[in-house]
Number of protein chains: 2
Amino acid sequence: MIADALDTRTYTIGELARALGLTARTIRFYEDEGLIAPLRAGTARIYSHADRARLILIRRGKRLGFSVREIAEFLALYDADPHQAEKMRFLGHKCRERIAALEVQLRDVRQTLAELRDIDRQIGDHLAKAARTATTKADRSEPQ
Amino acid sequence: MIADALDTRTYTIGELARALGLTARTIRFYEDEGLIAPLRAGTARIYSHADRARLILIRRGKRLGFSVREIAEFLALYDADPHQAEKMRFLGHKCRERIAALEVQLRDVRQTLAELRDIDRQIGDHLAKAARTATTKADRSEPQ
DNA sequence: CCTTACCTTTACGTAAACGTCATGCTGCGG
DNA sequence: CCGCAGCATGACGTTTACGTAAAGGTAAGG
């Protein structure tokens, strides 16, 4: 099955680095920090499809400006083992904290986007006006 | 006029630090990096209402995960002097770059929020189910 | 006048997130 | 069998964004 083929496909660290726009050093660093733990073939790292997905989550977390430690907490939310209700309650709390932070970020992004679009529009208007003025001057200085 | 009173109000570095949740060190650091340039009364820094607004912009940029250098570029967009069309064109370009980056971030935030809300819901469901099971067991072990 | 509470500059310290060697094993095409 | 490409570990270097201490000026209050 195709899905199985995808699921059993493995990657070397170099392949993943190229594919995801990271460096092998960076991926090893994330492993040192406990964000990911690939299988080994001897000493060589073997990444599964799930590992790849995990790296994509990490990369997105970084784009959002989270620290490696924060991303580790974030990944724990995906890893949650449904036994041990106490831990689940704790994760639920962490989850809502992160949601609140992202809601602030959503607001910030929207506001900044609105402001930048306004600035861009102003710049566009300004340049258009400057162009018209220049044209008018040219027209005056070169009738015909 | 009230607006004038607000506009002419000044702040010391300590006041702004407390008000904005920064440290004086941080504000001085931003000055070293050219993000802000308050007036001086002798050696002491005097911040205007506009300086305060600028610091708020800087703080928001930081929340969004931008580096100090990126925030400096960002502030240049607000400072733009409408003369010198070449510079304006350059700023327009920078502006659209930043907009594109924020659009990616907007997508990332929305996606992550959706996932976390889903996880939170799953945790909630799970805990509710566990609670019901516990109650049922208790009911069975203590009839009456 | 003295303390207290600010402010200043200078400078060294530090945590985070990698980059950059150095050194060595390992499979493989020629 | 040789050399190259790619992987590994270990260790030191670098940049960013401040923290923190040292040493001192200044205005207000008791």
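The chains referred to below are lettered A, B, ... by the order of the sequence lines, with proteins before strands, and numbering in each begins at 1. Just so it is clear, the model here is predicted, and its values are computed rather than measured.
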Measure the distance from CG on B/L35 to P on D/dT16 and round it to the nearest whole Å. 13 Å
Please check if any side-chain donor atom of A/Q122 sits under 3.5 Å from a side-chain acceptor atom of A/H126, or the reverse. no
Can you list every pair that meets side chain to side chain donor-acceptor pair (under 3.5 Å) and has a residue in residues 81-92 of chain B, with sequence neighbours left out? none
Residues 54-75 of chain A vs ring pair (Phe, Tyr, Trp, His ring centres under 6.0 Å), sequence neighbours excluded, gives A/F74-A/Y78
Summarise how protein sits on nucleotides 3-17 of chain C as a single string, 5' to 3': B when a protein heavy atom is under 4.0 Å from the base, S for sugar-phosphate-only contact, - for no contact. ----SBB-B----SB
Would you say the side chain of B/D51 lies within less than 4.5 Å of the side chain of B/L39, judging by non-hydrogen atoms? no
Specify the closest pair of heavy atoms between A/T10 and A/E15, including all atoms of both residues, with the distance to one decimal. O-OE1, 4.0 Å
Side chains of residues 106-114 of chain B: which donor-acceptor partners sit under 3.5 Å, not counting sequence neighbours?
| unit_1 | atom_1 | unit_2 | atom_2 | d |
| --- | --- | --- | --- | --- |
| B/D108 | OD1 | A/R63 | NH2 | 2.9 |
| B/D108 | OD2 | A/R63 | NE | 2.6 |
| B/D108 | OD2 | A/R63 | NH2 | 3.2 |
| B/T112 | OG1 | A/R60 | NE | 3.0 |
| B/T112 | OG1 | A/R60 | NH2 | 3.3 |
| B/T112 | OG1 | B/D108 | O | 2.8 |

What one should report as the nearest heavy-atom pair of B/E70 and B/G65 is OE1-O, 4.5 Å
Any residue meeting side-chain contact (heavy atoms from CB on, under 4.5 Å) with A/E73, in chain and number order, not counting sequence neighbours: A/K94, A/R98
Would you work out how much the helix from C/dC1-D/dG30 to C/dG30-D/dC1 bends between its ends, with each end axis defined by five base pairs, to 10 degrees? 10°
Interatomic distance where CD1 belongs to A/I36 and C1' belongs to C/dC18 [whole Å]: 17 Å
